Amino acid sequence: MWERKKLGDVAKITPGGTPSKNISNYWYPKEIPWLSSGEINKEIIFSTDGMISKKGFNNSSAKWIKQDSVLIALAGQGKTRGKVAINRIPLTTNQSIAGIEPSNEVYYKFLYHQLTKDYLKLRLISSGDGSRGGLNKKLLNDYTVNLSSIDEQHKLGILLSHIDNTLQLHERKYEELALIKKALLQKLFPKNDEVAPEVRYKNFNDAWEQRKLGEVGKTFTGLSGKTKEDFGHGDAHFVTYMNVYSNPISDPNMVENVEIDTKQQEVKKGDVFFTTSSETPEEVGMSSVWLSDAPHIYLNSFCFGFRPTVNIFHPYYLAYLLRSNNIRNKMMILAQGISRYNISKNKVMKLNVTIPNIREQQKIGEFFKQLDFLITLHHRKLEKLKQLKKFLLQNMFI
């Protein structure tokens, strides 16, 4: 049987405090862990960025919060207010954080997950209006939580914590792989029009060739002369802007319906697409290679296409070459505008690209293809775990 109880009846709520910043021996020597509201986004607190002295503790409203309590941000910038964390060490906090020390009726991990689920509700009850609101001890004391037996709380809290641990594992792996990819895009492609990259595969020693894009292909435009009534139906499809922006290799499923129009340029396998406009120069000229044989596919009107006319590129090599740091930096230089940035396809065609022999291209392209596969795999697992956690939180706590 679950019961609704006021949080103040089943937990001790302790706001923190800040010693005077003008008195140095309140902060030195660094003796006592002291948490600021910005750190609560760590979710599990094993250490603090700040420390205060014993003298600072004794001359402020800072209070000790015992280990395995729930911390909640009473105020803070952006979306910080209402965020919760668990402290795995005894610590003190500033006045923007309160410690919630559960009684024997409440398992701290169970409470943490319930308050995580209630994040928006906690923000709604905050005093004040808009982003300037704040939680306080009285509001938290009166806040009602839904409690089951302590045994059931343990089981539910541990289950959700296991999901959190797995989430963090995949998140770290995803971030690590993304950093590896970023580093290797610098190492495996030449910098600043050099004739060879910093790192090469074993037994590849041939010089790399330099060619202007316009010497090895021609451009074409996306859809033109269309109104919004022309989209959303029909037997043809067009490649979306977000498909080009997001994927070095275009996703054949990220297309939308449009009527067949023989006046439009259909895309072909091996075509390259470039975004022509964006709100920032960093997002202009993003490229994507199309590898599908599907008929009646067009390109959206906010991109232009490039069709190689010389058979010198491995498609995966070309896809990642155009996403390398050297090419991206050149694209940003070409971006023109103030509130919105645009790029000229004629100027893009003047860019030099470096081309090794086809076997070395294949090695590089296939490597990045597999790396992207691993990154996507971890991202999908991460999203599924987030959906599972969201479902459990919505259905476990009424």
Side-chain angles (χ1 to χ4, degrees), residues 174-202 204 206-213 215-217 239 241-252 254 267-275 278 282-292 299 303-308 310-334 343 348-349 351-379:
Y174 172 76
E175 290 170 354
E176 287 169 4
L177 287 169
L179 287 172
I180 289 170
K181 179 182 174 181
K182 183 178 180 180
L184 290 174
L185 282 170
Q186 292 178 322
K187 301 287 186 182
L188 291 173
F189 293 100
K191 300 176 183 176
N192 303 320
D193 290 334
E194 295 172 358
V195 293
E198 185 177 339
V199 175
R200 294 184 72 176
Y201 281 96
K202 187 177 180 182
F204 287 101
D206 296 344
W208 289 33
E209 183 183 2
Q210 281 195 2
R211 300 285 292 273
K212 284 183 168 43
L213 279 174
E215 296 173 353
V216 294
V239 182
Y241 179 95
M242 283 308 298
N243 192 351
V244 178
Y245 175 80
S246 305
N247 302 304
I249 302 295
S250 302
D251 183 346
M254 284 182 70
V267 305
K268 294 182 179 180
K269 183 177 181 179
D271 285 349
V272 183
F273 312 135
F274 293 93
T275 61
S278 186
E282 291 81 11
E283 296 179 349
V284 173
M286 297 296 284
S287 57
S288 187
V289 176
W290 181 257
L291 294 181
S292 170
L299 179 60
C303 295
F304 73 88
F306 168 76
R307 182 166 295 160
V310 183
N311 189 24
I312 58 174
F313 291 114
H314 186 278
Y316 283 99
Y317 170 81
L318 183 58
Y320 294 104
L321 166 68
L322 295 173
R323 293 269 181 149
S324 67
N325 289 52
N326 183 26
I327 299 297
R328 289 302 312 142
N329 288 337
K330 290 177 181 178
M331 290 290 187
M332 284 187 278
I333 292 170
L334 293 179
I343 199 166
V348 172
M349 289 301 102
L351 292 180
N352 282 322
V353 292
T354 48
I355 311 167
N357 67 52
I358 200 70
R359 290 190 306 111
E360 192 168 3
Q361 287 187 47
Q362 184 174 4
K363 274 274 191 183
I364 295 169
E366 291 292 335
F367 170 79
F368 280 106
K369 175 187 174 183
Q370 291 301 317
L371 187 56
D372 262 357
F373 174 79
L374 287 174
I375 290 172
T376 301
L377 184 66
H378 282 285
H379 186 260

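Everything numeric here is computed off the predicted structure, so don't read it as measured data.
The closest side-chain heavy-atom distance from D271 to L299 is not below 4.5 Å. Side-chain contact check for L322 versus M331: every heavy-atom pair is 4.5 Å or farther apart. Between E282 and M332 the shortest side-chain heavy-atom distance falls below 4.5 Å. Counting only heavy atoms from C-beta outward, the side chains of I355 and Q361 approach each other to under 4.5 Å. Residues V239 and F273 meet the side-chain proximity criterion, which asks for heavy atoms closer than 4.5 Å.
The heavy-atom pair separating L291 from P315 by the smallest distance is CD2-CB, 3.6 Å. The shortest non-hydrogen separation linking V244 to M286 is CG1-O, 3.7 Å. Between V348 and L213, the closest heavy-atom pair is O-CD1, 3.7 Å. Contact detail for L188 and V199: the closest heavy-atom pair is CD2-O, 3.5 Å. Between N247 and M254 the shortest heavy-atom distance is ND2-SD, 3.5 Å.
With W290 contributing its side chain and S292 its backbone, the two residues share a donor-acceptor pair below 3.5 Å. A donor-acceptor contact shorter than 3.5 Å links the side chain of S288 to the backbone of S250. Remark: side-chain polar atoms of T275 are paired, donor with acceptor, to backbone N or O of G285 under 3.5 angstrom.
Screening residues 312-323 for side chain to side chain donor-acceptor pair (under 3.5 Å) gives Y320-D372 as the qualifying pairs, with residues at least two apart or on separate chains.
Between atom NE2 of residue H378 and atom CD of residue E175 there is a gap of 12.0 Å, rounded to the nearest 0.5 Å. Rounding to the nearest 0.5 angstrom, the gap separating the CD1 atom in I375 from the CG atom in L179 is 9.5 Å. The distance from the CD1 atom of I312 to the CD atom of E215 is 9.0 Å, given to the nearest 0.5 Å. Atoms CG and NZ, from N352 and K212 in turn, are 4.0 Å apart once rounded to the nearest 0.5 Å. Atoms CD and CZ, from E283 and R328 in turn, are 9.0 Å apart once rounded to the nearest 0.5 Å. With rounding to the nearest 0.5 angstrom, the CG atom of L377 is 11.0 Å from the CD atom of Q370.
Looking at residues two or more places apart in sequence or on another chain, you find a side chain to side chain contact (heavy atoms under 4.5 Å, CB included) between R359 and F204, N357. Judged as a side-chain hydrogen bond (donor to acceptor under 3.5 Å, both in side chains), and not counting sequence neighbours, the contacts of E209 are R211. Residues passing the side chain to side chain contact (heavy atoms under 4.5 Å, CB included) test with S324 are F189, L321, N326, I327, sequence neighbours excluded. Annotation: ring pair (Phe, Tyr, Trp, His ring centres under 6.0 Å) contacts of F313 (sequence neighbours excluded): none. K187 is linked by a side-chain hydrogen bond (donor to acceptor under 3.5 Å, both in side chains) to E198, counting only residues two or more places apart in sequence or in another chain.
Other residues, nucleotides and ligands place more than 12 heavy atoms under 6.0 Å from the NZ atom of K181.
Counted by atom type alone, Y201 and E360 present zero donor-acceptor pairs between their side chains at under 3.5 Å.
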